[in-house]
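One structure is given below, encoded as structure tokens.
As the structure is a computational prediction, the values presented were derived from the model and not from experiment.
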Amino acid sequence: MLHQRVDDEWSFVETLRHLIFVSDRWMHRTILGETGPFHRLGLPPENKVGQRPPPAVDLSAGGVDVFAEATLDVILPIREDRAQEVRTLIGGLDDGDLSRLCAPNPTPGSPPGQIPLQAALDVLIREEWLHHEFATRDLATLESRQPPRAGSN
């Protein structure tokens, strides 16, 4: 079920890949200002693994490979690393940091101009929350499609 889609939405593994991209885009690129922030297995918005014609957001020059396929065993350590980095970042902030302006993010689809660090964190946290909701919803749908197990009522 980890690679199955519901209503052509991302699979669970694709969702985790997208959250890697979200962390790279909003924490590494926007907040920390890194110029080469993207993991190869990150999945930009509006892309599907294996999508043809070319991806909706092309970040191949930045090393992102939307056509790559990955197992949960490959994705989880990357995802766990990004989650720990976000926790460390947030744990080190004080109130004054939240109003700091982040440099413009040239990543396609990013807001133009400078944005406050708090706004970038808001996007990062909202993405985490929403994709948790989507994954939970889709898991329930996939489980409901499974035939009953022997001995269950």
Please name the pair of heavy atoms, one in [X] and one in [Y], separated by the smallest distance, quoted to 0.1 Å.
X: I31; Y: A120; result: CG1-CB, 3.7 Å
X: V22; Y: L124; result: CG1-CD1, 3.5 Å
X: P77; Y: V74; result: CD-O, 3.4 Å

Taking the side chain as every heavy atom from C-beta outward, state whether I20 and L43 have any pair of such atoms under 4.5 Å apart. no

Please examine the side chains of I125 and V86, heavy atoms only from C-beta on, and report whether any two atoms are closer than 4.5 Å. no

Under the side chain to side chain contact (heavy atoms under 4.5 Å, CB included) test against L117, which residue among L93, D122, L89 passes? L93

Of V64, I78, I75, which is the lone residue that meets side chain to side chain contact (heavy atoms under 4.5 Å, CB included) with H39? I78

Holding to side-chain contact (heavy atoms from CB on, under 4.5 Å), I want the full list of residues that pass it with [X], two or more places apart in sequence or in another chain.
X: E133; result: W129
X: L101; result: Q114, P116
X: E128; result: L19, S23, R79

Spacing of [atom1] belonging to [X] relative to [atom2] belonging to [Y], to within rounding of 0.5 Å:
X: L41; Y: D24; atom1: CG; atom2: CG; answer: 10.5 Å
X: H28; Y: R82; atom1: NE2; atom2: CZ; answer: 5.0 Å
X: E69; Y: T71; atom1: CD; atom2: OG1; answer: 10.5 Å

For residues 90-104, which residue pairs pass the side chain to side chain donor-acceptor pair (under 3.5 Å) check, not counting sequence neighbours? none

More than 12 heavy atoms from other groups under 6.0 Å of CZ on F38: yes

Between L98 and L121, does a side-chain contact (heavy atoms from CB on, under 4.5 Å) hold up when you go through it step by step? CA-CA 9 Å; L98 295 176; L121 278 178; 4.0 Å; yes

Name every donor-acceptor pair, under 3.5 Å, that has one atom in a side chain of residues 134-143 and the other anywhere in the protein, sequence neighbours excluded.
residue : atom : partner : partner atom : Å
T136    : OG1  : H132    : O            : 2.8
T141    : OG1  : R137    : O            : 3.2

Measure up the W10 and H18 rings against each other and bin them: parallel (under 30°), tilted (30 to 60°), perpendicular (over 60°). tilted

Which residue pairs satisfy the salt bridge (Lys or Arg N to Asp or Glu O under 4.0 Å) criterion with at least one member in residues 27-41, sequence neighbours excluded? R40-D65

